[in-house]
Amino acid sequence: DATGLPWYLTIVLSTLAVRGAFLPLIAHQLKAGGRYATAAKPEADKLWRLYAEARDRSAKANDALGLARATALYWGGLRAVLAKHDCRPLSLFGGSLVQLPVFLTFVVSMRHMIRDGGLRADLAHGGALWFEDLTLPDVTLALPLVAIGLTYANLEMSLGKAPPGTVFHWLKDTGQVLLIAAMPLTTALPQGVFLYWVTNAAFSAVQTRAVRADGVRAALGLPAVPVA
């Protein structure tokens, strides 16, 4: 009522506004990532190789204590490397991690809005095209498939080049598997939730492409993306 816009446009524009507000945090994360790539990564990679060798030796010798010691040394060394180069985990992942509570907040808020008699009536006629009723699941599965597909592709674009065996590669694989495994549950969400999800995922895809452009990276003081 305040905007005078239909609900589907309100959801889309609100999502874009929130994501736009997070751009300074994302820029900070990218700069921390640049420091990690140019300064911390060589040392972190060396630590990982040493840990992998110790892990394999402990596994062959069935030495659980040795494995525990090697793991503790690896994580302690990694924390020291990150602190040395001002690449703390919160700086590296904070901009991305904050998206999860925002998403969950939107889902919970939508459920409360659907339970509200007056808002439910507005949402039931606040959509467009095949998603006219934003309180119901999408029986065509178009919105869920687009949302899940975009999120899957975003994980691939962001972490697809991570070396096998690393935390980043594990995060990509785990995230993609969970997206597929949870489909029977997520497809039952209201269409209003998927409008947010699709808009959010599309914003992420454009953002990922943009931050790989030489002009954008130069403006942020980031190193150019290496050519494969």
Side-chain angles (χ1 to χ4, degrees), residues 18-19 21-105 151-179 181-182 200-201 203-204 207-208 210-212 216-228:
V18 171
R19 289 301 304 266
F22 283 131
L23 286 177
L25 183 59
I26 296 298
H28 177 75
Q29 175 180 307
L30 289 170
K31 290 177 181 179
R35 292 193 299 273
Y36 174 81
T38 56
K41 188 176 184 299
E43 297 177 32
D45 287 349
K46 183 178 180 180
L47 274 174
W48 176 261
R49 288 194 296 270
L50 292 172
Y51 168 68
E53 292 172 3
R55 179 193 61 195
D56 293 342
R57 286 196 302 269
S58 297
K60 289 179 181 178
N62 198 25
D63 182 6
L65 182 59
L67 177 60
R69 287 173 178 164
T71 302
L73 284 172
Y74 169 72
W75 285 110
L78 182 60
R79 285 194 295 269
V81 168
L82 294 177
K84 173 185 174 183
H85 297 288
D86 192 21
C87 301
R88 291 173 177 79
L90 187 59
S91 295
L92 289 170
F93 302 110
S96 299
L97 292 176
V98 76
Q99 302 302 320
L100 180 59
V102 171
F103 176 79
L104 294 177
T105 298
T151 306
Y152 190 101
N154 285 337
L155 286 170
E156 192 66 37
M157 283 192 294
S158 301
L159 303 173
K161 293 184 179 180
T166 63
V167 173
F168 299 109
H169 191 271
W170 178 85
L171 286 173
K172 178 188 76 74
D173 285 351
T174 302
Q176 290 176 330
V177 168
L178 288 176
L179 277 172
N200 189 61
F203 189 102
S204 294
Q207 177 181 282
T208 300
V211 299
R212 293 184 178 181
V216 174
R217 297 186 71 81
L220 294 174
L222 300 173
V225 176
V227 178

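The figures here come from the full heavy-atom set of this structure, side chains too, leaving out hydrogens, waters and symmetry mates. Remember, predicted model here, so these are calculated numbers, not experimental data.
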Checklist entry - For the residue pair Gly66 and Ser58, what are the closest heavy atoms and their distance? => result C-OG, 3.5 Å
Between [atom1] of [X] and [atom2] of [Y], what distance do you get to the nearest 0.5 Å?
| X | Y | atom1 | atom2 | result |
| --- | --- | --- | --- | --- |
| Tyr51 | Leu67 | OH | CG | 5.0 Å |
| Asp45 | Leu50 | CG | CG | 11.0 Å |
| Arg79 | Leu47 | CZ | CG | 11.5 Å |
| Leu155 | Leu171 | CG | CG | 9.0 Å |
| Asp56 | Glu53 | CG | CD | 8.0 Å |
| Asp173 | Glu156 | CG | CD | 8.5 Å |

Item to check | 4.5 Å side-chain heavy-atom contact, Asn154 and Met157 | outcome: yes
Item to check | Derivation of the side chain to side chain donor-acceptor pair (under 3.5 Å) call for Thr71 and Arg55 | outcome: CA-CA 8 Å; Thr71 302; Arg55 179 193 61 195; over 6 Å; no
